[in-house]
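Have a look at the structure below before the remarks.
Reminder, nothing fancy here: chain letters follow the sequence lines and each chain counts from 1. Computed from a prediction, not measured in an experiment: that's the story for all the values here.
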There are 4 protein chains.
Amino acid sequence: MDSHPDAQRDTGSRLTPSPGPRTDHRSGTEGSEPDARTRILNAAEELFAHAGYDATATAGIAKAAGVPKGLVFHYFPRKIDLLATLIGERTGIEELREDHADTQPGDPVRMLSRLALRVPLHASPAMRTILFREAGTHRPARERLRHLNAELNRRARFALELALPGSRGDHARLEAAAATFTAVLLYQESLCQLTGQHIDAELVANLIAKALT
Amino acid sequence: MDSHPDAQRDTGSRLTPSPGPRTDHRSGTEGSEPDARTRILNAAEELFAHAGYDATATAGIAKAAGVPKGLVFHYFPRKIDLLATLIGERTGIEELREDHADTQPGDPVRMLSRLALRVPLHASPAMRTILFREAGTHRPARERLRHLNAELNRRARFALELALPGSRGDHARLEAAAATFTAVLLYQESLCQLTGQHIDAELVANLIAKALT
Amino acid sequence: MDSHPDAQRDTGSRLTPSPGPRTDHRSGTEGSEPDARTRILNAAEELFAHAGYDATATAGIAKAAGVPKGLVFHYFPRKIDLLATLIGERTGIEELREDHADTQPGDPVRMLSRLALRVPLHASPAMRTILFREAGTHRPARERLRHLNAELNRRARFALELALPGSRGDHARLEAAAATFTAVLLYQESLCQLTGQHIDAELVANLIAKALT
Amino acid sequence: MDSHPDAQRDTGSRLTPSPGPRTDHRSGTEGSEPDARTRILNAAEELFAHAGYDATATAGIAKAAGVPKGLVFHYFPRKIDLLATLIGERTGIEELREDHADTQPGDPVRMLSRLALRVPLHASPAMRTILFREAGTHRPARERLRHLNAELNRRARFALELALPGSRGDHARLEAAAATFTAVLLYQESLCQLTGQHIDAELVANLIAKALT
DNA sequence: AATGAATGAGAATTCATTCAT
DNA sequence: AATGAATGAATTCTCATTCAT
């Protein structure tokens, strides 16, 4: 009836990983050419990451994707839908599961390290760049980032709380420690990209754990 | 043939605080209307911060500044000059002076705290937003940010080194600690703006000092 | 090579009522859903009447009709065919029959009144709106309107001539009277729609008859 | 401060003749080339009249006016502003003055004739075409037309009332007579254009007056 | 017959920038 | 220095139409 495949004009917040159809971004099954829609998203991802959303022309996206200009509109009636779709489909945030079977009470370092190694954000470096850059001006990006921050923070706090049951030190310190670790995880990449400054999350985990013990 | 007031076509990097003529941004000395050039910069600052450089039209800046469109180009022949000038004039970075008269060996917490209280970046919140957002795509912003990061890092490391002369723990840990504190200082504001997450730098200073002792 | 159902590429003038297949517009015989072609025409009729032919997108018609976009082109290869078909099928003009059995010599008022009550145009209000609006720019509509005007005029003149055999007054006056009555009948609806002005055709019939007697 | 010369985004209803600056449409004083804005309006008037508002491209207007495309936007930020401005500036409706010095009680024919000769609409044939065509879909045109109809009607009624003080016949008949005459005046031109049918307003005035006496 | 992806010409609008005054 | 008309390239978006399935 209505033809627009995507066009979920609700640019709003669809922040759950959206277990929808196309989880296999970047391709049609294996090595073959991905379909047009995927190619468009791939191109948009790359160009947005490189020059920013506003400085990227849809014509450029079409060209990079190897499709006619009109097809971009066919799938994404408004340019902003491209951004919204990228964020909706390519920045999956892994929620904290309730079964903490792998909990290691007393070993905060290991828990933080594990968090550092597996930041619960399923997104390419390009998507991360986009997420951070556009968060300042685009609602969907901001909400996604907010969500991610909350999740990271919850996990860091959880790790520290479990690890330090005695609540040594007041609550505020634990909060600050969790927030710090979260910030490091969040901005590590961005910082490195922008300033060349590298941070070893492993070591930071160590420091923070030590500070609280 | 050309004698534009600004027009330092060298969009390049003029990263020193440039204690030149107009240090009194928002000028006009007291409460009166600032001059046209200043009003234009003020407007640009606000609009760039709000919507980003690319999404801001020069016509919009002129309107917000209450000046005719042509005047913007009179002062800033190219749009990018606006950004360059803002960064050049309104993101002064205070270099580390060599006289460490106020050094307090043995009291890292206090030194870090002081750093946190007086981040050596003389810039309005709007300018910081601009600096971070445009760093990804605009050279001058990136270099400025890089410089700021370096300065913060140097100070943090300096504080920690002075404070912990015995070099307790290896160099890498100290590096990580300094980088972490730097990151917190750098992104604190941005983080709060984007996610609402607040970090208490005092407490972080405390934690980090404790971790290293 | 081609066998489109309609596609009478002769956008030209098929101005006879075309007692062809589908006289039962809005068909489906009774209350059930009309077939796709009819739904498309219904949608086109409504949208053309509301926003005008040029401002109506075929995609919008498809959507309003609840059919896929491609189907519209299946039935009506070119957009203009929609308009031509509507005019051809939905603006039947009832020709003056030659048997004037119901003639009432001497009673012009009654004859004009009857004409007013049964304007020989079988068309919905929407179709009339379309007919008038597009007559200015689309040949088929113009010819249809011209035809309708001619028919109305012929009837009015006929009524007045029959009624006033003595040709009281010159021919020009009778012409003017007929034309006036025709104009009132033609534009009555349009006038009301555009300006809210209502005209009572009965009374006009009366006036005109009186003026000529 | 704001640059757009026109741009009275209030597409709304500015239905008074707007005794503003440019009453001398079509030119800069005498025979010389009119200024750009006027040329654009002239071109728009002609093209809108010929093909309709929707079917006319702004690029075509620019070309016909001999100005670059961008200049059209400079004066009329949105295409609809062209239509609104044309209607606002080029369809002056002459209000009925209160001094009826020239009143001729007892001579309805002459008063109606005079009305026919000097329809109180200062508009070119092209503007009239536009006014009627777009009234169905564009508010400003509709309101203008409504206004014109009201004015014409008021005058016709006034003429008939003054002329026939005895109120011979009931009020409804007089209403119908006025409305009929109004309709003839209004649509005369349109009718002729669309169907070739010509109406002699003089004769109609005669008929109507006679009918009421 | 039915469907919706694909296509590309062109529409309106945007906007940085130039320039005469 | 100040102004706003002028310019035209580029951008987003629209849409009729085609076509493979």
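Taking atom CZ of residue D:Arg39 and atom C1' of nucleotide F:dA5, one finds them 13 Å apart after rounding to whole Å. Atom pair A:Lys69:NZ and E:dG10:P shows a separation of 11 Å (rounding to whole Å applied). As rounded to whole Å, 13 Å separates atom P of E:dA1 from atom CZ of C:Phe76. Summarising the geometry, the separation between CG on D:Asp81 and P on E:dT13 is reported as 9 Å, rounded to the nearest angstrom. The separation between D:Arg37 atom CZ and F:dG4 atom P is 16 Å, rounded to whole Å. In this structure, D:His74 places its NE2 atom 16 Å from P of E:dT18, rounding to the nearest Å. For the pair C:Ile61 CD1 and F:dT14 C1', the computed distance is 15 Å after rounding to whole Å. Put simply, NZ on D:Lys79 is 17 Å from C1' on E:dT14, counting in whole angstrom units.
Shown here are the side chain to side chain donor-acceptor pair (under 3.5 Å) partners of A:Thr129, two or more places apart in sequence or in another chain: A:Gln193. In this structure B:Thr58 satisfies the side chain to side chain donor-acceptor pair (under 3.5 Å) test with no other residue, sequence neighbours excluded. Under the side chain to side chain donor-acceptor pair (under 3.5 Å) criterion, C:Thr56 pairs with no residue, sequence neighbours left out.
Taking only side-chain nitrogens and oxygens, D:Tyr75 comes nearer than 4.0 Å to OP1 or OP2 of F:dA6.
A:Val67 is not listed as a side-chain neighbour of A:Ile61, based on a closest heavy-atom distance of 4.5 Å or more. Put simply, the side chain of D:Phe48 reaches to within 4.5 Å of the side chain of D:Leu82, judged on heavy atoms. Counting heavy atoms from C-beta outward, C:Tyr75 and C:Ile40 have side chains that approach closer than 4.5 Å. Side-chain contact between C:Leu41 and C:Phe76: present, with at least one pair of heavy atoms (C-beta onward) separated by less than 4.5 Å.
Atom CE of A:Met127 and atom CG of A:Leu86 lie 5.0 Å apart (nearest 0.5 Å).
DNA chain E is contacted by D:Thr56, D:Ala57 of residues 46-57 of chain D, taking any non-hydrogen atom closer than 4.0 Å.
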| request: Please lay out, stage by stage, how C:Asn42 and C:Arg90 fare under the test side-chain hydrogen bond (donor to acceptor under 3.5 Å, both in side chains). | output: CA-CA 10 Å; C:Asn42 289 348; C:Arg90 298 191 175 184; 2.8 Å; yes
| message | Using side-chain hydrogen bond (donor to acceptor under 3.5 Å, both in side chains), reason through B:Arg133 and A:Thr137 one step at a time and then give a plain yes or no. | response | CA-CA 10 Å; B:Arg133 174 166 229 269; A:Thr137 44; 2.5 Å; yes
| query | If pairs are Watson-Crick or G-U with both distances under 3.5 Å, what is the dot-bracket string of DNA chain F, marking crossing pairs with [ ] and pairs to another strand with |? | reply | .||||||||||||||||||||
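For the pair B:Glu134 and B:Arg139, the salt-bridge criterion is not met [side-chain N within less than 4.0 Å of a carboxylate O].
Taking for each of A:Gly66 and C:Leu71 the nucleotide of DNA chain E with the nearest heavy atom, the 5'-most of the two is the partner of C:Leu71. Nearest-nucleotide mapping onto DNA chain E: of A:Ala36 and B:Thr58, the residue sitting toward the 5' end is A:Ala36. Both C:Ala59 and D:Val67 sit near DNA chain F, but only D:Val67 has its closest nucleotide nearer the 5' end.
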Between the protein and nucleotides 19-21 of chain F, are there any N/O to N/O pairs under 3.5 Å, and if so, what are the atom names and distances?
none

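Geometric assessment of C:Lys79 against the ring of C:Phe73 yields a negative cation-pi assignment under the 6.0 Å and 45° thresholds.
Among the nucleotides F:dG8, E:dG4, E:dT17, the one closest to any side-chain atom of B:Arg78 is E:dT17.
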